[in-house]
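Beneath this line is the structure, given in structure tokens, with notes to follow.
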Amino acid sequence: MTTFDQTINRVGFACKIQKSHDVAVKELNTSTTTIKWLTAQTKAKSEQRLWDLVKQNVSALYHQIQWVGALPHNQRMFRITSDLLPAYTHSDWLAFYFQPDMTNWLERNLLECGELARALDVRLSFHPGQFCVLASENPQVVENSISEFEYHADLARYMGYGKTFQDFKINVHIGGKQGPDGIKRAVRSLSREARNCLTIENDEFKWGLEHSLELVDTCALVLDIHHHWIRTGEYIEPDDSRILRVLDSWRGVRPVIHYSCSREDVLVDHDTATRPDIKELKGLGFTSTSLRAHSDYYWNHACNRWAMSHNDWADIMCESKQKNLASQKFCNTALV
DNA sequence: GAGGGTCAAGTCCGT
DNA sequence: ACGGACTTGACCCTC
């Protein structure tokens, strides 16, 4: 049982609804602050600021879900920003977020967000940031990373998710020097809800698809097809045997893959009807780093066709600078 | 209002 | 050694 309709082939986008002429963006915007600023204020003032941010951000989340829920059914997928509750995992503000007034408020209001998402059939996820390194060789970093991951799991739980395997996705990279074994160790310390939500994504440099596949029995695997291309030069095809194993890791739930594209201002004169050839590009002096940066839009039609050919077996999370503007355009133009 | 420096945290690449 | 990149530039201060 899942919380979204699995017969829909979705294309989604991440974190932020980009301004366009017909959108009132203000109520859709989340805000944040810094630890430094909070620390410089009186307790009353910093707590007031955090309360204001919590209310603004949860309200923004509700409106974001509403907005995504009004899109065509096959575009109802959205990654929520990690900045929803600023400073949640900083030790100075832990108590603030666990006071009864706050937990009651979050329970009530985040549940409404979750219920709205389920009613509108919006598939939701999180992607904790670069500081969440569950497989770090530094035990302190692992401990902090588990807290960071559990913060996202708390949010999912408040929203009414985490109850069944992959009713909600919280995606991280393997990261760190411990690799897949480090992930297996860290998973033992995660809550049940966190384990239900955890997905692992292959990265461009250190831990690729062959490493994440070691975790097929641990959690669901997110295939990032652009990372895989950066790492190997290969445009992986839907009938590849490794994809069957990725599919297995989802245990019957419809998988999610990630799709991004090298920046258009890096590959300035590149033919938009031909997929970039990484060997050729490296011969011309392009570095992996320069090719991994995300484009504003999905400018390469050949890549788009290839990416869309994966939509039969997986939902496609778009990672591009122009967010919904790019994913909508991709969705509407990349016909297989 | 525009512009620039700054921001909790990890890890890697490229120069 | 240091800047940039990553799921995301936003925010605060000064002028």
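Throughout, a chain's letter reflects where its sequence line sits, starting with A, and its residues are numbered from 1.
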- Query: Would A/Ser136 and A/Asn138 count as having a side-chain donor-acceptor pair, cut-off 3.5 Å?
  - Reply: no
Table please: side-chain donor-acceptor pairs of residues 84-91 of chain A below 3.5 Å, with sequence neighbours left out.
{"residue": "A/Tyr88", "atom": "OH", "partner": "A/Asp154", "partner atom": "OD2", "Å": "2.6"}
{"residue": "A/Thr89", "atom": "OG1", "partner": "A/Glu148", "partner atom": "OE1", "Å": "2.9"}
{"residue": "A/His90", "atom": "ND1", "partner": "A/Asp92", "partner atom": "N", "Å": "3.2"}

- Item | hydrophobic_cluster_shared for A/Phe149 and A/Val133, side chain cutoff 4.5 Å | no
- Query: Once you round it to whole Å, what is the distance between P of B/dA8 and CG of A/Leu94?
  - Reply: 17 Å
- Query: Please walk me through it: do A/Glu210 and A/Arg231 pass salt bridge (charged side-chain N to carboxylate O under 4.0 Å, His left out)?
  - Reply: CA-CA 11 Å; A/Glu210 70 271 34; A/Arg231 192 185 161 83; 3.1 Å; yes
- Message: So if I define the base as every atom that isn't primed, P, OP1 or OP2, how would nucleotides 10-15 of chain B read as a B/S/- string at a heavy-atom cutoff under 4.0 Å?
- Response: BSSSSS
- Task: Write down the distance separating the P atoms in B/dA8 and C/dC13, rounded off to the nearest Å.
- Result: 13 Å
- Message: Just to be sure I follow the notation: if a pair is Watson-Crick (purine N1 to pyrimidine N3 plus N6-O4 or O6-N4) or a G-U wobble (N1-O2 and O6-N3), each under 3.5 Å, what dot-bracket string does DNA chain B give, with | for pairs to another strand?
- Response: |||||||..||||||
- Message: For A/Phe126 and A/Phe168, I'd like to know if the aromatic rings sit close, meaning centre-to-centre distance below 6.0 Å.
- Response: yes
- Message: Between C/dT7 and B/dG5, how far apart are the two C1' atoms, rounded to whole Å?
- Response: 24 Å
- Query: For atom C1', what is the distance between C/dA5 and B/dG3, given to the nearest Å?
  - Reply: 24 Å
- Indicate yes or no for a side-chain donor-acceptor contact from A/Gln64 to the backbone of A/Ile17 under 3.5 Å, with no hydrogens or angles considered. no
- Query: If you measure only the distance, is there a donor-acceptor pair under 3.5 Å linking the side chains of A/Ser288 and A/Lys282?
  - Reply: yes
- Query: Under 3.5 Å, is there a donor-acceptor pair linking the side chains of A/Asn171 and A/Thr199?
  - Reply: yes
- Contact boundaries of DNA chain C with chain A (under 4.0 Å, heavy atoms), 5' to 3'? C/dA5 to C/dC12
- For A/Leu50 and B/dA8, what is the distance between atoms CG and P respectively, to the nearest whole Å? 13 Å
- Query: Any luck finding a side-chain donor-acceptor pair between A/Ser191 and A/Arg157 under 3.5 Å?
  - Reply: yes
- Is A/Val268 isolated, or which residues cluster with it under the ILVMFWY side-chain rule of less than 4.5 Å, directly or via members? none
- Task: From the options A/Glu201, A/His173, A/His258, select the one residue that forms a side-chain hydrogen bond (donor to acceptor under 3.5 Å, both in side chains) with A/His227.
- Result: A/Glu201
- P gap between B/dT6 and C/dC2, integer Å: 15 Å
- Query: How is A/His227 classified with respect to the nucleic acid when contacts are heavy atoms under 4.0 Å: base, sugar-phosphate, or nothing?
  - Reply: sugar-phosphate
- Residue pairs involving residues 114-123 of chain A (criterion side chain to side chain donor-acceptor pair (under 3.5 Å); sequence neighbours excluded): A/Arg10-A/Asp121, A/His73-A/Asp121, A/Arg123-A/Asp315
- What is the nucleic acid contact for A/Ala293, judged by heavy atoms within less than 4.0 Å: base, sugar-phosphate only, or nothing? sugar-phosphate
- Query: Can a donor-acceptor pair under 3.5 Å be found between the side-chain atoms of A/Thr89 and the base atoms of B/dA8?
  - Reply: yes
- What does A/Glu204 touch in the nucleic acid at a heavy-atom separation under 4.0 angstrom: a base, only the sugar-phosphate, or nothing? nothing
- For B/dC7 and C/dG3, measure between their C1' atoms and round to the nearest Å. 16 Å
- Quick one: label A/Asp203 by what it contacts on the DNA or RNA (base, sugar-phosphate, nothing), any heavy atom closer than 4.0 Å. nothing
- Message: So A/His258, base contact, sugar-phosphate only, or nothing? Heavy-atom distance under 4.0 Å.
- Response: nothing
- Message: Please give the distance between the P atoms of C/dG9 and B/dT11 as a whole number of Å.
- Response: 24 Å
